[in-house]
A.B. asks: 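The structure that follows is given in the form of structure tokens.
What you see is a predicted model; the values in this text were computed from it and never measured. Residue numbers start at 1 and run along the sequence shown. When a ligand or atom number is given, it counts from 1 through the structure's own listing order.
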Amino acid sequence: MNRSKDKTWKRTHYSKNIDTSLNGKEVIIVGWISSIREHSNVKFLTLNDRFGNIQVILKKNEYPASLTSEIPKIREHASIAIRGKVRSEPKAPNGIEIIPVEFKILSLANKNSPIVIQSRKGIGIDTRLDLRAIDLRRPYLQSIFSIRYTVLNSCREFLRKEGFIEVNTPKIIATATEGGATLFPIFYYDREAFLTQSPQLYKEQLTMAFENVFEIGPIFRAEPSRTNRHLSEATSIDIEKAYAEYNEVMEILESMIHYVRDEVKDKNKSHLEYLKIKLPDISFPFQRYRYSDLIEKLQNVGESIEWGDDISQQRLRNLHDKGIKNFYFIIDWPTSIKPFYVKPKSTGTECESFDLMYENLELSSGSTRIHDKSELVERMKKQGLNIDAFDFHLRVFDYGMPPHAGFGLGLERLLMSICSVDNIRDVVLFPRDIDRLSP
Ligand code: ATP
Ligand code: MG
């Protein structure tokens, strides 16, 4: 009984499918109310569904008297199904409006939301994050997350076309992959374990069996500082390729960035327009700057920086006017400041490594890896790591580990560069940082 009754409320059209060709026809639309405006006894509701919005007009004598007592119950954010007639209205968005014949409030909104749907920047980020699911109804975030969806899809598509297979490695691990400082310890039955900082060691091992692998998954970093580019839980796009060295994976990375940019340009036109974003023009190939040369450039502009120091975001800002901008690589870093698995060049002091940058934001780090066991053990000892704790990893190197190279690309950082977003929290649904563990 109830079933057939409910069926009468099944949506017949999404907002995007209603146009003037339906003039005079009856439709059922379903969604939530994003705005209510009143002009001299006429109420205008905007009903949103996942594809857009539609104007609903409530004018006395046009709708049945039976609706009169129900109308005051409709508040912004309420979920509602409306059966009504389509009417051409050149002044309305999409050129049509709906005159209700009947409606069913599916879920009342009991409170006034502090979040203004149409606002671009919105109110303070903490208030927004406290009610994130409502915040995500804003066209500003809807646009960003549609782009995020395209970016994820196009990275997958690109890597599959390049002959990589997608893998999923453990997120609960026994040993740090890159040194212990930023690990989250957890209880694992009667033992201590950790949340993984990166799939590094597993993806390297998998090159033995599958040659070319990629993973898109969470990485966990206990980042004690509050910055606009660090999350405690981020998404990493990782690749590892057998029989390759760093120049080859840099080429894969820059081709992937081009592919992603073109896909976003093609698939997210309306979102880019809403966000007022002009996608960055990208050269091909990306500029490559040797670490040593950058240090010299920094010293020339008066920075007190020594060979062997890390290059901070702040310092890179000072090279913007010297043409170091847009997407570019910094290559051949000092071995001493890169992780133990990065392969040194023949000089020993420099290594076959790169960071992909956008302006002064690091997007990715990659390198040729050490595939010789004794060399790896040597490097680990130098970095003060406990060799025994890495036995699970080192033991496979006795069975023909192929030479290999790869990178980890931060999805959120990439989105910040594409969407011109300053705060990384706005490109994740439910961000985690030192102050925030919910929602
Ligand atoms: P940074 O110097 O910016 O803190 P990192 O060098 O410590 O980054 P890597 O270990 O090289 O980071 O990780 C590879 C990529 O993963 C980074 O280039 C970045 O895009 C992303 N990433 C790393 N840590 C975070 C984080 N806490 N939040 C968001 N993205 C991150
Ligand atoms: Mg890095």
Side-chain angles (χ1 to χ4, degrees), residues 148 151-152 155 171 173 176-184 194-204 214-240 246 249-250 253-254 256-257 260 286 291 294 309-317 327-342 351-369 383 405-419 421-436:
R148 182 174 164 125
V151 169
L152 267 175
C155 285
K171 303 303 155 209
I173 53 160
T177 39
E178 329 232 337
T182 62
L183 274 179
F184 283 111
F194 304 94
L195 295 177
T196 183
Q197 296 161 298
S198 113
Q200 183 64 33
L201 307 185
Y202 290 101
K203 64 175 180 165
E204 284 193 53
F214 79 98
E215 175 162 16
I216 300 180
I219 55 169
F220 303 92
R221 310 250 172 141
E223 305 275 5
S225 50
R226 294 171 176 84
T227 77
N228 278 349
R229 63 207 159 88
H230 289 100
L231 294 164
S232 311
E233 179 175 354
T235 305
S236 180
I237 301 162
D238 268 274
I239 81 156
E240 204 63 34
Y246 72 143
V249 291
M250 267 191 277
L253 180 51
E254 62 196 349
M256 186 163 89
I257 302 284
V260 166
F286 296 161
Y291 167 91
L294 274 192
D309 291 345
D310 205 353
I311 303 178
S312 70
Q313 163 163 316
Q314 187 53 43
R315 284 181 156 144
L316 281 170
R317 219 168 256 160
F327 292 97
Y328 61 95
F329 287 110
I330 305 177
I331 62 167
D332 299 346
W333 289 75
T335 308
S336 56
I337 54 171
K338 284 290 175 189
F340 68 89
Y341 48 78
V342 176
C351 57
E352 297 190 9
S353 58
F354 62 85
D355 277 9
L356 172 66
M357 310 294 297
Y358 178 73
E359 302 286 328
N360 51 14
L361 182 69
E362 179 188 322
L363 304 186
S364 170
S365 286
S367 64
T368 313
R369 324 299 193 185
Q383 296 210 352
F407 62 75
L409 166 69
L411 171 65
E412 288 82 15
R413 299 267 180 99
L414 177 59
L415 278 161
M416 287 172 79
S417 71
I418 291 175
C419 298
V421 165
D422 294 332
N423 191 336
I424 197 166
R425 291 163 188 79
D426 262 335
V427 297
V428 237
L429 295 172
F430 298 102
R432 292 284 177 267
D433 61 38
I434 189 166
D435 301 310
R436 185 169 284 277

A.B. asks: Does the side chain of Arg226 come within less than 4.5 Å of Asp435's, by heavy atoms?
C.D. replies: yes

A.B. asks: May I ask you to list the atoms of ligand 1 that are less than 4.0 angstrom from any heavy atom of Ser365?
C.D. replies: 11 (O), 18 (O)

A.B. asks: Side chains of Ser364 and Asp355: does their closest heavy-atom pair fall under 4.5 Å?
C.D. replies: no

A.B. asks: Non-hydrogen atoms of Gln313 versus ligand 1: any pair closer than 4.0 Å?
C.D. replies: no

A.B. asks: Quick one: look at Glu223 and ligand 1, take heavy-atom pairs under 4.0 Å, and tell me if it's side chain, backbone, both or neither.
C.D. replies: side chain

A.B. asks: Look at atom 17 (C) of ligand 1 and find which of His230, Glu362, Glu233 reaches it with the closest heavy atom.
C.D. replies: Glu362

A.B. asks: Taking the ring of Phe327 and the ring of Tyr358, is the distance between their centroids below 6.0 Å?
C.D. replies: yes

A.B. asks: Going by heavy atoms in the side chains, are Asp433 and His230 under 4.5 Å from each other?
C.D. replies: no

A.B. asks: Provide the closest heavy-atom pair for Ser198 versus Arg221 in the form atom of the first, atom of the second, distance.
C.D. replies: CB-NH2, 4.1 Å

A.B. asks: Can you list the atoms of ligand 1 that are under 4.0 Å from a heavy atom of Leu231?
C.D. replies: 26 (C), 27 (N), 28 (N), 29 (C)

A.B. asks: Looking at Arg229, which atoms of ligand 1 are within less than 4.0 Å of one of its heavy atoms?
C.D. replies: 3 (O), 28 (N), 29 (C)

A.B. asks: Is Arg413 touching ligand 1 with its side chain, its backbone, both, or neither, if touching means heavy atoms under 4.0 Å apart?
C.D. replies: side chain

A.B. asks: Rounded at 0.5 Å granularity, tell me how far CD in Glu215 sits from CG in Asp238.
C.D. replies: 7.0 Å

A.B. asks: Would you say the rings of Phe184 and Phe220 are close, in the sense that their centroids are separated by under 6.0 Å?
C.D. replies: no

A.B. asks: Return yes when Ser364 approaches ligand 1 closer than 4.0 angstrom through a heavy atom, no otherwise.
C.D. replies: yes

A.B. asks: I'd like to know whether Met256 forms a side chain to side chain contact (heavy atoms under 4.5 Å, CB included) with Leu414, so could you lay out the CA-CA distance, the side-chain angles of the two residues, the decisive distance to 0.1 Å, and finally the verdict.
C.D. replies: CA-CA 11 Å; Met256 186 163 89; Leu414 177 59; 6.0 Å; no

A.B. asks: Should the proximity of Leu363 to ligand 1, defined as any heavy atom under 4.0 Å, be assigned to the side chain, the backbone, both, or neither?
C.D. replies: backbone

A.B. asks: For ligand 1, is any non-hydrogen atom under 4.0 Å from Ala234's backbone (N, CA, C, O), its side chain (CB onward), both, or neither?
C.D. replies: side chain

A.B. asks: By number and element, which atoms of ligand 1 are closer than 4.0 Å to a non-hydrogen atom of Gly408?
C.D. replies: 14 (C), 15 (C)

A.B. asks: Where's the contact between Gln197 and ligand 1, heavy-atom distance under 4.0 Å: side chain, backbone, both or neither?
C.D. replies: neither

A.B. asks: Rounded to 10°, how big is the angle at the Mg ion (ligand 2) from Ser365 OG to Glu362 OE2?
C.D. replies: 80°

A.B. asks: Should Phe329 and Leu253 be marked as a side chain to side chain contact (heavy atoms under 4.5 Å, CB included) after you check the CA-CA gap, both sets of side-chain angles, and the distance that decides it?
C.D. replies: CA-CA 10 Å; Phe329 287 110; Leu253 180 51; 4.0 Å; yes

A.B. asks: Show which atoms of ligand 1 fall inside a sub-4.0 Å distance from at least one heavy-atom site of Ile424.
C.D. replies: 29 (C)

